[in-house]
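Okay, structure first, notes after.
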Amino acid sequence: MKKIFFILFALIAVMGISAQDFVIGNGDEIQSLDPAHMQGVPEQKVFLALGEGLVVNDPKTCHAVPGIAESWKASADGSVYTFKLRKSTWSDGVPVTAQTFVDSWLRNLDPDTASEYAYLIGIVVKGANDYNTWAPDKAKSDADNAAAKAAAKAAVGVKALDDYTFQVTMVGPVAFALDMFAHQIFAPQPLHVIAKVGDQWTKPENYVSNGAFVLKEYKQQQYLLAVKNPKYWDAKNVKLASVKFLPINDVKTEYNMLKNKELDWATTVPNDLLDEVKLRSDYQVAPATISYYYIFNMTKKPFDDVRVRKALAMAIDKKAIVDKITKGGQLATNALVPPMEGYTPPKGNAYNPEQAKKLLADAGFPGGKGFPAVTVIYNTNENHKKIAEFVQEQWKTVLGIDVQLQNLEWKTFLDTRSGTHDFQITRAGWQADYLDPDSYLNMFVKDGGNNDGKYDNPKYDALIKQEASMMGGAARNKVMQQAETLLVETDQHIIPFYYYVSQNLIDLKKWNGWYNNTLDTHPWKFISKK
Amino acid sequence: MTKFIIRRLLSLIPTMFVIVTLSFFLIRFAPGGPFSAEKKVPAQVLQNLMKKYHMDESLGRQYLRYFGEILRGDLGPSFRYKDMTVNALIKQSMPNSMLLGTLSLALAVALGIAVGIVSALKQNKWQDYTAMSLAVVGISVPLFVIGPLLQLVFAMQLKWLPTSGWITDRAGLKTLIMPVITLSFPYFAYIARMSRASILEVLRSDYVRTARAKGLKESTVIGKHVLKGALLPIVSYLGPAFSGIITGSIVVETIFLVPGVGKIFVQSALNRDYTLIMGEVIVYSLILIVMNFVVDIVYGFLDPRIAYK
């Protein structure tokens, strides 16, 4: 008897030691546990633990690998995808079927859900955008409106062919759609729970999920604890026993916690300690698909003159910015779109002070004489400030012009840049929603919601329209390259500065399955202790 | 006395009304809104979002709706934390800030008055100079320096305490030590200086001389006569200080990851989380008003010259 106790005790002790518990500093507190309203990076990291869609991102390449879909087939013209789903269940045992996907996508698209990211479905799925942006016609009766809404819903290109076959009809041969389906907005939602408890389904006591982990505990502002989901279809390959997400806003505290081994992964690094951080063996840096640039407001003088725009762009030494200011290995660039598979961005207009001076003189401001008062706005941030001051200095020395700098609090900045468009030059940054140049380029079409500088070139719009309806491949890439050349070279609507890098602190001698990748996405199911 | 209390309680109503009304309209003047984001949602989706939160209605109607809701004790849903109501957010974070604040203030009062007494009695001696130098440090060095400094010494170097966290974590009550010390430091310094000054003043007054002339023990003179008079300014300081300290400190809460109400307050303003800002303003002003009221009553007991009739 004593022996048995001893063995049991030893077993528990060993299990305790080998338990793979992981703690991550997850930045801001998450806004919601409902995939329909998950927007930021912290939410995405939580989703990667709790949920799973048709596909998941490969931890190395970021390309789609099977998730709930076992396999898939695209039609010859690339516009219809048929997914074969595996038999899997929610954490409460209810099966996840093709109908679950249909209903979840439709819930996200439902105008009443008002999902912030549903437009991603709208970009790729036929009829989805129409349903998502459907609005009742006040002139019609309620019954007519209800019928119209139902018709819009029925027209969305999603269908359950049988319990485990899910078919999506696209807006065309969308080259990037498959990788995009890993995004949380395309994930199934436990509609059987939502039907029962309504809005309360995101409460921890009601929350069921279909990913590698389930929600065990959630204390807002303290931690979110996810533990391994025994009902997950691939549970035998999930090595971590739990993941604890800590909301940490203070970069220094996060760094101290990591140094004190209270954290396994810090998702931010303190910029002012970068020289020290870079020497650490757990410092991970990788190119990211995020661009940093300035936008000219084309409706304000003197920026309606392309020579002025080019002069200002060519007077800035971007290499110096990444070497002396950002220092994290960011890549200086004269183009907007980061290099992607098969796509090479145009060269753009390189740093050339002599040419810049000449262009400014041609535009009627020799040596900067007579140049009107100009203000550059940026959102309050130490790095943005340093860069703006560097640019200000270069424009002064190279072109002889004086510009003012103005920092604005984030929401005020957004309102000025995107709401009232009351700026001359503004700082901007953009991260790809999906790994395709289109994610950057479609911002600048004339009526684009994110066309903050009011860029307007019919040739550009035509190229973007053309590219959107083409099959992926060299021909499409060439069209997109032409468009980008217009944007960053011929018209110089923006001044590109650099591509961001993702910076993390995680000890890869201790953890397997975590790889640097361009999307900075790291699905938990692949991570394990060495 | 009862009449006075009732009158004061009634005067709460118009004060709160003005506060709620003013802040409701003021926050709407700030540029941007809860739904402005870098990646803009399609216009129709934005409208649907506005509708969901009744923001498509006129400001006047929104105000009436909001007023009706708070009369029923409902502070509404948070714009940012979509799974939470403002009531729930405040209910779960307020007790943490209250605990931290009460402990910090208690420490600050105990130490502050003790140091004040010693300094006053040993005026211009080394004890006085040491204590007052410490107080100057406490007033002039900001929390965001003291906090990380403590963290560096006790967590990073000595490894006695966890860097951060809260009592519900594995480290338990130990997590309280550094935030309490940090938060209490400036209050301690202020109270120490204030009590020293006021004790010195009282020590020179006639009734203390009389007490000594009667041959009373020094401890009785200090405890019964000096302190009672000298503590009045501190009591009046404690009201606003208490309401200030229990409504959270963004700095301490951010550095030590305390799940308190101060962090939420500041962030809600940055996020333009209208309902959450309003909820916090209401709770904060209620606490402030009630504390001032309590101070007035306590004053009545301490100062025989004041009588509420």
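Fair warning: this is a prediction, and the values are worked out from it, not measured in the lab. Protein chains get the first letters and strands the later ones, always in sequence-line order, with residue 1 at the start of each.
- With a 4.5 angstrom heavy-atom cutoff, A:D452 touches chain B only via side-chain atoms.
- In this structure, the portion of B:S93 lying under 4.5 Å from any heavy atom of chain A is its side chain and not its backbone.
- For A:R280, the CZ atom counts as densely surrounded, since its 6.0 Å shell holds more than 12 non-hydrogen atoms of other residues, nucleotides or ligands.
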Decide salt bridge (charged side-chain N to carboxylate O under 4.0 Å, His left out) for B:K82 and A:E43; before the verdict, give the C-alpha distance in whole Å, the side-chain angles of both, and the deciding distance to 0.1 Å. CA-CA 12 Å; B:K82 299 199 163 60; A:E43 288 83 2; over 6 Å; no
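- Among the candidates B:G260, B:S78, B:A43, the residue making the largest number of heavy-atom pairs closer than 4.5 Å to chain A is B:G260.
- Taking OH of A:Y207 as the reference point, atom CG of B:D83 lies at 8.5 Å (rounded to 0.5 Å).
- For the atom pair CG of A:N260 and OG of B:S164, the computed distance is 9.0 Å after rounding to the nearest 0.5 Å.
- Residue A:I248 touches chain B through both its backbone and its side chain, counting heavy-atom pairs closer than 4.5 Å.
- Across all their heavy atoms, A:W430 and B:E38 have their closest contact at CZ3-O, 4.1 Å.
- Distance CG/A:D199 to OG1/B:T85: 11.5 Å, rounded to 0.5 Å.
- In this structure, chain B has a heavy atom under 4.5 Å from the side chain of A:E409, while its backbone stays farther away.
- With a 4.5 angstrom heavy-atom cutoff, B:Q267 touches chain A only via side-chain atoms.
- In this structure, B:R272 and A:T412 have side chains that are in contact, with non-hydrogen atoms separated by less than 4.5 Å.
- Taking 4.5 Å as the limit, every side-chain heavy atom of B:M84 sits out of range of all side-chain heavy atoms of A:E29.
- Put simply, of B:G165, B:P148, B:G33, the one with the most heavy-atom pairs under 4.5 Å next to chain A is B:G33.
- B:P42 and A:T133 make their closest contact through CB-CG2, 4.1 Å (heavy atoms, listed as atom of the first residue, atom of the second, distance).
- Of all the heavy atoms in B:N96 and A:Q222, the pair that sits closest is ND2-NE2, 4.3 Å.
- Annotation: the span from B:Q44 atom CD to A:D130 atom CG amounts to 11.5 Å, rounded to 0.5 Å.
- When all heavy atoms are compared, the tightest approach of B:N48 to A:N132 is ND2-O, 4.2 Å.
- A side chain to side chain contact (heavy atoms under 4.5 Å, CB included) with A:Q221 holds for exactly one of B:I264, B:L257, B:V261, B:L89; it is B:I264.
- Shortest non-hydrogen contact noted between A:M257 and B:T163 is CG-OG1, 3.1 Å.
- Most heavy-atom pairs under 4.5 Å with chain A, from the set B:A30, B:A155, B:P31: that is B:P31.
- Looking at A:T416, there are no atoms closer than 4.5 Å to chain B (heavy atoms on both sides), in backbone or side chain.
- In this structure, the portion of A:E262 lying under 4.5 Å from any heavy atom of chain B is its side chain and not its backbone.
- To the nearest 0.5 Å, the span separating CZ on B:F35 from NZ on A:K411 amounts to 9.0 Å.
- Of the two parts of B:A88, neither the backbone nor the side chain holds a non-hydrogen atom closer than 4.5 Å to a non-hydrogen atom of chain A.
- Within the 4.5 angstrom heavy-atom criterion, no atom of B:P77 approaches chain A.
- Taking A:D34, A:L246, A:I30, A:T253 one by one and counting their heavy-atom pairs under 4.5 Å with chain B, the maximum is reached by A:T253.
- Atoms CG and CG, from B:N271 and A:D28 in turn, are 8.0 Å apart once rounded to the nearest 0.5 Å.
- Without hydrogens or angle criteria, B:K52 side chain to A:D112 main chain gives no donor-acceptor distance under 3.5 Å.
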